[in-house]
Amino acid sequence: MLLSVIVPCFNEEENVSYFYEELMKNKDFFEEKNLDLELIYVDDGSSDGTVKEVKELKKAHDEVRLISFSRNFGKEAAIYAGFQKSKGDYVVMMDADLQDPPSLLPEMFKYIDEGYDSVATRRVSRKGEPPIRSFFARQFYKLMNKISKTEIVDGARDYRLMKREVVDAILSMGEYNRFSKGIFGWVGYKTKWIEYENVERVKGETKWSFWSLFAYSVEGIIAFSTAPLTFVSLLGVVFCLLAFGLILFVLIRAIFWKDPTSGWQSLVCIISLISGVQLLCIGIVGQYLSKTYLEVKNRPKYIVKEEI
Ligand code: UDP
Ligand code: MG
């Protein structure tokens, strides 16, 4: 049996060989289970020495593979590429910064042996993370689970061990705007969740700013829910009803009390409010349209510059 380990790397030169060492602490376990290994580093257009490091590692260890992108395509593209290029009967993906501890692998395999198709991980604490980030992350998961039918678990990591059939199912979802946490949930299969305390990144810095996370969450909502569109339609209905009420009010007042010039201030307020709401709604529709536009173009999700 072959196990593919997929590691997306974006400027992780300090972590490449360190990750290898940590993973290999499971060597006895791999041997005992008769597992061959292929370790795929997906270099997501790093500008530092990541590629050099991987090549260096490859010289000493034959099971190392490198896929190098022509530019930074994002972690989602790196995951997809890793899945596509992997040949393993089992596939696991882990971050290069060791926030996904390789020491959990034996436990994960235990559940695969028990008959689960995939073993997913979630962190139970968010310690070491800025408090506002944690707060917004929690709100995001709450909202997401209200408006989407796909289950998206709070604190879920992308760290997952899967059987080949699950990976093939994920690959069959060829969308351009990829939100893995949703895709994993969407394909289903019998999944065991295991929990662990948050581990801080060993070296280097996180690649996600608050705003890039915000953009990612919008991506998630648009990819897995059309609730915002329903909300927009409802808002339209509410404002129509309100307008009808106002028309009646103005008509009746004009007929019985004759006061043609009063009320212009309120008119200005109403016009501003409604035009604001309209722009908001067009914006929401625009978000869906822009994602659809990108899907329709059908561009490749990544471009490989070098593969070893
Ligand atoms: N990553 C990537 N492409 C990107 C950003 C990140 O391949 O554009 C990789 C990164 O090298 C790491 C993993 O995705 O292995 C998780 O990134 P990071 O640790 O910065 O995110 P965090 O753990 O802070 O959520
Ligand atoms: Mg990290």
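Heads up: numbering here begins at 1 and tracks the sequence. Every number for a ligand or one of its atoms is a count from 1 in the order of the listing.
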Quiz item: Taking both backbone and side chain into account, is any N, O or S atom of D97 nearer than 2.8 Å to the Mg ion (ligand 2)?
Solution: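 Yes, within the cut-off.
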Quiz item: Does any N/O atom on F10 come nearer than 3.5 Å to any N/O atom on ligand 1?
Solution: yes
Counting only heavy atoms, which portion of [X] has something under 4.0 Å from ligand 1: side chain, backbone, both, or neither?
X	value
V7	neither
K75	both
A96	both

Quiz item: So, E22 and K25, do they make that salt bridge, N to O below 4.0 Å?
Solution: yes
Practice problem: Could you tell me whether E56 and K59 have a side-chain N and a carboxylate O separated by less than 4.0 Å? | Solution: yes
Exercise. Consider only side-chain N and O atoms of Y302 and Q84, and report whether a donor and an acceptor are under 3.5 Å apart.
Key: yes
Exercise. Indicate whether the side chain of E76 and that of S180 have a donor and an acceptor atom separated by less than 3.5 Å.
Key: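 Short answer, yes.
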Using a 3.5 Å distance criterion without hydrogens, assess whether the side chain of [X] forms a donor-acceptor pair with backbone atoms of [Y].
X	Y	result
S68	K305	no
D48	E13	yes
S290	Q287	yes

Going by the atom numbers of ligand 1, which of them fall below 4.0 Å from some non-hydrogen atom of [X]?
X	answer
W208	17 (O), 18 (P), 20 (O), 21 (O), 22 (P), 25 (O)
Q99	19 (O), 22 (P), 23 (O)
P8	7 (O), 9 (C), 10 (C), 11 (O), 12 (C), 15 (O)
G74	3 (N), 8 (O)
D97	19 (O), 23 (O)
E12	10 (C), 11 (O), 12 (C), 15 (O)
D95	13 (C), 15 (O), 16 (C), 23 (O)
D44	2 (C), 3 (N), 4 (C), 7 (O), 8 (O)

At what distance is the nearest protein heavy atom to [atom], and which residue and atom is it?
atom	value
atom 20 (O) of ligand 1	K207 N, 2.6 Å
atom 24 (O) of ligand 1	T206 OG1, 2.6 Å
atom 18 (P) of ligand 1	R201 NH2, 3.5 Å
atom 8 (O) of ligand 1	N72 ND2, 3.2 Å

Quiz item: With sequence neighbours excluded, what pairs up with E21 under the side chain to side chain contact (heavy atoms under 4.5 Å, CB included) test?
Solution: Y18
Quiz item: Do we get R71 above F69's six-membered ring, with its NZ or CZ under 6.0 Å from the centre and within 45° of the axis?
Solution: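 R71 over F69 ring: no.
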Quiz item: Quick one: is the NZ or CZ of R160 closer than 6.0 Å to the six-membered ring centre of W193, and within 45° of its axis?
Solution: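 Yes, a cation-pi geometry.
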Practice problem: Check step by step if ring-ring contact (aromatic ring centres under 6.0 Å, His included) holds for Y216 and F179. | Solution: CA-CA 8 Å; Y216 187 56; F179 183 70; 5.0 Å; yes
